[in-house]
Amino acid sequence: MAGSARTIPPPPVNPETKPFWDAAAQGRLLIKRCTACDEPHWYPRAICPFCGSERTEWMEASGHGTIYSYSVFRRAPIPYAIAYVTLAEGPTMMTNIVDCDLDAIRIGQAVRVAFKPTDGGPPVPMFAPA
Amino acid sequence: MTIKGKAYIAGIFEHPTRKADDKSLAQLHAEAAAGALGDAGLTRADVDGYFCAGDAPGLGGLSMADYMGLKVRHIDTTESGGSSYVIHVAHAAEAIVTGKCNVALITLAGRPRAEGMATGTAPRSYGPAAPDVAFEFPFGPTVVNQYAMAAMRHMHQYGTTSAQLAWIKVAASQHAQHNPHALLREVVTVEEVVSSPIIADPLHRLDCCVITDGGGAIVVTKPEVAKSLKRPLVRVLGAGEAVKHQMGGKVDLTYTGAVWSGPAAFAEAGVTPSDVKYVSIYDSFTITVLITLEDLGFCPKGQGGKLVADGNLISGVGRLPFNTDGGGLCNNHPGNRGGLTKVVEAVRQLRGEAHPKVQVRNCDVALAHGTGGSLATRHGSATLIMGRE
């Protein structure tokens with residue numbers, strides 16, 4: 001399918017984010033939530049970007065979201081859609097929209113997470129029409 | 001404490017090259033420095049403060065001070081991408097006000113064309129330790145498709161059109177035809193912009209700035225020094241800087257850090273947008289200009305499309321002349337960093353030294369704004385307001 005044929009570079013994994021990538025390998029999308037201010041955030045950090053607390057914990061996201069914005073990169077050898085998806089839990093994350101007709105993508109469209117393999121690293125969370 | 005009226009821009013230089021196969025990066029910095037010092041009527045020996053950003057080779061300020069033989073008592077290598085040099089002018093003014101230096105030199109140079117860099121179309125990584133890289137780089141963020149997402153959202157939310165964005169390029173091209181150094185001197189139409197190939201929806205090829213080698217330099221001095229020279233006097237009136245990012249996932253691509261840097265600069269200068277006769281607005285892409293003008297208060301939020309349309313940005317035609325050198329869209333974007341040339345053209349306008357075809361009459365207050373990084377992820381915003389004395 002268009003958008004999934006290109007080689008995806010592997011995400012660098014570090015001690016702070018290893019649980020995220022371990023879960024990704026199992027097809028689970030984790031986000032971080034702060035137990036001090038109760039805010040979920042993205043991208044995941046050990047220290048809450050809203051209140052500065054170290055009391056952050058991993059939680060599993062539903063994997064459902066809507067497209068906030070997107071752009072189909074026509075100039076690329078294999079065109080692909082970069083996007084920001086707003087998760088049902090609140091945070092908005094950068095991703096790709098895949099497994100669909102790139103010309104049919106719309107802002108506000110409902111999407112669902114689809115982990116895609118990378119070149120030698122853990123899979124990364126992309127999204128497909130729900 | 002304020003910098004208002006306490007520092008002057010005494011020297012400016014824009015390197016005439018647009019492709020520097022035969023020069024080194026350090027050499028371009030030094031040539032730019034010599035040009036700005038010569039413009040001011042000063043020498044290297046007068047410089048006691050030096051400013052540069054991430055484009056400087058080696059250990060940045062240390063390597064360049066070494067190469068140029070500078071003896072300085074103040075150094076500042078603030079890095080905020082293409083907006084760095086607008087911030088440097090403000091920081092130079094602050095250093096002058098506090099007595100840390102009397103003559104500040106700011107340099108920029110780059111040679112992305114000579115090096116064959118895929119500037120806007122290849123994902124750029126700032127290394128595996130960047131905290132964001134794992135959550136962005138796999139998705140292929142390039143400069144173009146990131147700014148394109150900001151444009152797409154603005155269109156969705158406010159009804160902005162490709163034709164309105166095209167007017168920004170049209171205005172830049174109208175100005176560039178008079179600039180003998182401009183990379184693109186051909187006047188283009190709205191039709192030509194919107195029918196140029198799509199690079200990343202909804203941005204066309206002609207919505208994107210040029211890629212050029214070259215550089216430039218600025219000399220900022222204390223008032224006593226400026227008044228001893230033979231150049232028209234251009235004062236720093238006010239400045240503001242800000243960083244905008246993804247805000248922990250509360251992403252909003254419809255505004256920039258100019259919503260913070262702009263009001264700070266206007267407040268310090270004691271002027272309002274209606275007092276500004278000329279604006280240099282960072283124009284990496286047409287959308288950058290439109291959103292920035294809204295955020296600086298030149299029109300209500302969401303009305304940028306109407307503001308820029310119908311030639312309103314063309315000098316001698318519209319209400320708000322902008323980027324009269326042709327800007328990054330047509331003239332020059334040295335080292336992929338356009339902030340310095342924004343200040344340079346604003347100073348030319350205040351001096352009355354812009355090309356006669358684009359010179360704004362009675363140009364007594366001008367604004368330069370830089371945007372560095374990406375609208376879609378994280379960027380620095382810097383606003384500088386200057387006045388003719």
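Reminder, nothing fancy here: chain letters follow the sequence lines and each chain counts from 1. Quantities reported herein were computed from a predicted structural model and do not represent experimental measurements.
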Spacing of [atom1] belonging to [X] relative to [atom2] belonging to [Y], to within rounding of 0.5 Å:
X	Y	atom1	atom2	result
B:R153	A:S71	CZ	OG	14.5 Å
B:D201	A:F73	CG	CZ	11.0 Å
A:S69	B:M155	OG	CE	10.5 Å
A:I82	B:M152	CD1	CE	12.0 Å
B:D132	A:M94	CG	CE	8.5 Å
B:E136	A:T95	CD	OG1	11.5 Å

Between A:K32, A:R106, A:E16, A:E39, which has the largest tally of heavy atom pairs under 4.5 Å with chain B?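 Answer, by heavy-atom pair count under 4.5 Å with chain B: A:E39.
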* Which of A:V72, A:N14, A:V124 touches chain B most, by non-hydrogen pairs under 4.5 Å ->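 Most pairs with chain B among the choices: A:V72.
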**Message:** Let's test your reading of the structure: which of B:M247, B:R205, B:M149 forms the most heavy-atom pairs below 4.5 Å with chain A?
**Reply:**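 The option with the most such pairs is B:M149.
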query = For chain A, which of B:V144, B:T142, B:L203 has the most heavy-atom pairs under 4.5 Å?
reply =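 Heavy-atom pairs under 4.5 Å are most numerous for B:T142.
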Measure [X] against the heavy atoms of chain A and call it side chain, backbone, both or neither at under 4.5 Å.
X	result
B:P197	neither
B:A376	both
B:S125	neither

Worked check of side chain to side chain contact (heavy atoms under 4.5 Å, CB included) between A:Y68 and B:L253
CA-CA 9 Å; A:Y68 170 79; B:L253 302 185; 3.6 Å; yes
* How about A:Y80 and B:F139: are their ring centroids closer than 6.0 Å? ->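 No, too far apart.
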Hey, is [atom1] on [X] packed in by over 12 heavy atoms from elsewhere, all under 6.0 Å?
X	atom1	value
A:E60	CD	yes
B:E186	CD	no
B:R185	CZ	yes
B:K301	NZ	yes
B:R378	CZ	yes

Smallest separation among heavy atoms of [X] and [Y], with atom names:
X	Y	answer
B:P138	A:I8	O-CG2, 3.4 Å
A:P49	B:G248	CG-CA, 4.0 Å
B:G140	A:R6	N-NH2, 3.8 Å

Can you say whether A:T17 sits under 4.5 Å from chain B via the side chain, the backbone, both, or neither, judging by heavy atoms?
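For A:T17, the contact with chain B is made by the side chain alone.
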Hey, what's the ring geometry for A:Y43 with B:F135, parallel, tilted or perpendicular (30° and 60° as the breaks)?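 Parallel.
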Quiz item: Can you find a side-chain donor-acceptor pair between B:Q246 and A:Y84 that sits under 3.5 Å?
Solution: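 Present: a donor and an acceptor within the cut-off.
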Requested in this report: Report yes if some heavy atom in the side chain of B:V133 is under 4.5 Å from a heavy atom in the side chain of A:P11; otherwise report no.
Outcome: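 No, side chains not in contact.
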